[in-house]
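Throughout, numbering of the chain's residues begins at 1 and tracks the sequence.
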Amino acid sequence: MLDKLLLQKSLGAEVHPTTFASMSDQPEIVFHVGLGKVASTYLQHRFFPKLKGIRYLSTHKYKKSKQLIDPALSAKWLVSREFDRQFEQEVRWFTDTYPQAKVIMIVRPHGSWVASQYRRYVKNGWYHPFSSFLDMKEDQGFWKKSDVPYYPRIELVEKLTGQQPLVLFHEELKNDPWSFLGKIAEFAGATFKRESISLEPFHTSYTKKQLLVLRAYCRRYVKKVPKGYRNKIKHWLLYRPWWVFFHLIMYAAQLFPRSWVPKEELISQSDLDRIDDYFAEDWASVLAYAKRQ
């Protein structure tokens with residue numbers, strides 16, 4: 001095996017340093033996979049950098065994580081990136097190199113999770129109704145029903161890593177934050193000082209009023225959903241101006257009188273109830289799984 005790797009290296013093939021290390025001293029890696037809209041940004045900015053006894057690679061360094069992780073620098077690493085529909089692709093990509101990674105996954109009830117995802121899309125210029133985001137009748141929405149379940153993601157992690165992920169609930173962070181954070185630290189084999197941790201949200205949510213105004217404006221005047229770009233230069237030149245403009249509209253919307261706000265639902269409670277009912281079995285499976293940990 002070693003002779004084969006040395007031959008690949010001599011021929012100019014890319015061989016990651018941890019490939020050699022895996023034979024003896026591969027580092028311990030904790031992989032926070034999100035999901036998105038479950039306080040991932042809070043953890044990435046308020047909590048993970050404060051952990052002691054583990055080296056943290058922020059979400060911005062995720063794409064280069066395989067090059068940055070070096071056993072010579074630290075025996076323990078924490079990598080964080082929130083995934084949604086790209087969950088399987090990204091987890092496979094990372095665990096292909098680090099199959100020993102210990103995974104942290106955070107979930108919330110399906111209805112509130114999808115609703116939070118929709119609000120994020122509206123904030124970024126999505127002007128279509130909620131039913132076009134997730135169509136529970138014909139499954140013709142932007143998100144498909146198959147994008148929503150949690151338990152298949154848990155099973156995928158077990159299959160790829162051979163161990164159970166730590167499954168936590170978003171609600172616990174709000175109701176008992178120190179217990180929630182303590183579970184993460186214990187799982188990671190790290191420590192933290194309470195006085196160094198702020199429990200304040202990193203981002204404040206936009207109000208229903210702000211999102212209704214922006215959605216109506218984009219539907220009437222923009223008439224297209226701006227998209228981001230992988231290329232950083234294109235992203236800043238072609239998408240970022242839209243992002244700034246939309247935020248200016250939402251800030252201005254705070255000053256609008258009630259009569260200026262569209263008299264329509266952003267998301268109906270019946271839609272959320274329908275989602276929770278449809279995925280009730282999946283949610284029950286996740287709850288039972290977490291109890292067995």
Side-chain angles (χ1 to χ4, degrees), residues 30-48 50-51 54 56 59 78-88 90-91 101-120 134 143 145-161 163-190 192 194 197-205 267 269 271-293:
V30 177
F31 187 25
H32 168 244
V33 299
L35 304 168
K37 309 310 295 181
V38 289
S40 292
T41 303
Y42 167 81
L43 293 173
Q44 290 161 353
H45 290 84
R46 300 272 198 244
F47 183 62
F48 290 157
K50 305 291 186 178
L51 287 173
I54 193 166
Y56 172 52
T59 182
L78 169 59
V79 179
S80 177
R81 182 76 171 212
E82 62 271 36
F83 306 122
D84 299 314
R85 293 185 301 158
Q86 72 277 36
F87 186 96
E88 179 173 350
E90 295 294 344
V91 172
K102 298 168 60 178
V103 171
I104 299 173
M105 180 176 166
I106 303 168
V107 299
R108 64 193 292 184
H110 298 80
S112 68
W113 184 56
V114 175
S116 188
Q117 293 285 359
Y118 177 69
R119 293 186 188 98
R120 176 168 67 92
L134 179 64
W143 272 36
K145 291 178 182 178
S146 59
D147 293 326
V148 180
Y150 300 136
Y151 201 72
R153 291 177 165 97
I154 295 173
E155 292 180 315
L156 176 68
V157 169
E158 286 193 339
K159 176 183 176 181
L160 295 176
T161 67
Q163 53 189 325
Q164 291 185 336
L166 173 65
V167 178
L168 298 173
F169 298 92
H170 180 251
E171 192 67 21
E172 185 179 356
L173 176 59
K174 295 190 292 184
N175 296 335
D176 191 356
W178 296 120
S179 172
F180 179 93
L181 299 175
K183 289 176 183 178
I184 293 177
E186 181 180 3
F187 184 76
F192 66 94
R194 286 195 180 190
I197 307 299
S198 170
L199 298 180
E200 293 296 319
F202 187 76
H203 288 308
T204 56
S205 299
I267 308 168
Q269 185 59 47
D271 284 336
L272 302 187
D273 292 341
R274 190 177 297 113
I275 293 171
D276 283 334
D277 290 343
Y278 186 88
F279 295 105
E281 184 176 344
D282 182 71
W283 185 243
S285 297
V286 174
L287 291 173
Y289 185 91
K291 287 182 179 179
R292 296 195 298 269
Q293 293 182 315

**Prompt:** What distance separates Ser205 OG from Lys37 NZ, expressed to the nearest 0.5 Å?
**Reply:** 6.5 Å
**Message:** With a 4.5 Å cut-off on side-chain heavy atoms, are Asp276 and Trp283 touching?
**Reply:** no
**Asked** How close do His170 and Val38 get, heavy atom to heavy atom, and via which atoms?
**Response** CD2-C, 3.5 Å
**Prompt:** Only one of Trp113, Phe169, Phe279, Tyr289 clears ring pair (Phe, Tyr, Trp, His ring centres under 6.0 Å) with Tyr150; which?
**Reply:** Trp113
**Message:** Can you confirm whether more than 12 heavy atoms, excluding those of Glu186, are under 6.0 Å from its CD atom?
**Reply:** no
**Request:** Could you tell me the separation between the CG atom of Leu181 and the NZ atom of Lys50, rounded to the nearest 0.5 Å?
**Result:** 13.0 Å
**Message:** Can you tell me how far apart CD1 (Ile54) and CZ (Phe192) are? Round to the nearest 0.5 Å.
**Reply:** 13.5 Å
**Prompt:** Would you say His110 and Asp282 make side-chain contact, with heavy atoms under 4.5 Å?
**Reply:** yes
**Request:** Grab the two heavy atoms, one from Pro165 and one from Glu158, that are nearest each other, plus how far apart they are.
**Result:** CD-CG, 3.9 Å
**Minimal non-hydrogen separation, Gln86 against Glu82, with atom names** = NE2-O, 4.1 Å
**Prompt:** Centre of Phe87's six-membered ring, under 6.0 Å away, within 45 degrees of the axis: is that where NZ or CZ of Arg153 sits?
**Reply:** yes
**Message:** Contact between Leu43 and Ile184 at the side-chain level, heavy atoms closer than 4.5 Å - yes or no?
**Reply:** yes
**Exceeds 12 heavy-atom contacts within 6.0 angstrom, atom NZ of Lys159** = no
**Prompt:** Could you state the interatomic distance from NE2 (His32) to CG (Leu168), rounded to the nearest 0.5 Å?
**Reply:** 9.0 Å
**Complete:** Heavy-atom closest pair (Ser198 atom, Tyr42 atom, distance to 0.1 Å) is O-OH, 2.7 Å
**Item:** Donor-acceptor contact below 3.5 Å, side chain Ser116 vs main chain Ser112
**Value:** no
**Request:** For the residue pair Leu199 and Arg46, establish whether any side-chain heavy-atom pair is separated by less than 4.5 Å.
**Result:** no
**Message:** Check this for me: does any side-chain nitrogen of one of Arg274 and Asp271 sit under 4.0 Å from a carboxylate oxygen of the other?
**Reply:** yes
**Message:** Glu172 vs Lys183, test: salt bridge (charged side-chain N to carboxylate O under 4.0 Å, His left out). Steps then yes/no.
**Reply:** CA-CA 11 Å; Glu172 185 179 356; Lys183 289 176 183 178; 3.1 Å; yes
**Complete:** Tightest non-hydrogen contact, residues Ala39 and Leu173, listed as CB-CD2, 3.4 Å
**Prompt:** Should the heavy atoms of other residues, nucleotides or ligands under 6.0 Å from CD of Gln164 be counted, would the total exceed 12?
**Reply:** yes
**Asked** Gly36 and Asp84: which non-hydrogen atoms are nearest, and at how many Å?
**Response** N-OD1, 3.0 Å
**Asked** Step by step, would you call Tyr56 with Phe48 a ring pair (Phe, Tyr, Trp, His ring centres under 6.0 Å)?
**Response** CA-CA 7 Å; Tyr56 172 52; Phe48 290 157; 5.6 Å; yes
**Request:** Side-chain contact test, heavy atoms from C-beta onward, threshold under 4.5 Å: evaluate it for Ser40 versus Leu35 and give yes or no.
**Result:** no
**Request:** Find out whether Met105 and Ile154 are in side-chain contact, i.e. whether some heavy atom of one side chain is under 4.5 Å from a heavy atom of the other.
**Result:** yes
**Message:** Is the shortest side-chain heavy-atom distance between Arg81 and Val33 below 4.5 Å?
**Reply:** no
**Prompt:** Looking at OH of Tyr151 and CG of Leu156, how far apart are the two atoms once the value is rounded to the nearest 0.5 Å?
**Reply:** 12.5 Å
**Item:** Any Val148 side-chain heavy atom under 4.5 Å of Leu134 side chain
**Value:** yes
**Message:** Taking CD in Gln269 as the centre, count heavy atoms belonging to other residues, nucleotides or ligands within less than 6.0 Å. Is the count above 12?
**Reply:** yes
**Complete:** To the nearest 0.5 Å, atom CD1 of Ile104 lies from atom CD1 of Ile106 at 7.0 Å
**Message:** Tell me whether Lys102 forms a cation-pi arrangement with Phe31, defined as NZ or CZ under 6.0 Å from the six-membered ring centre and within 45 degrees of its axis.
**Reply:** no
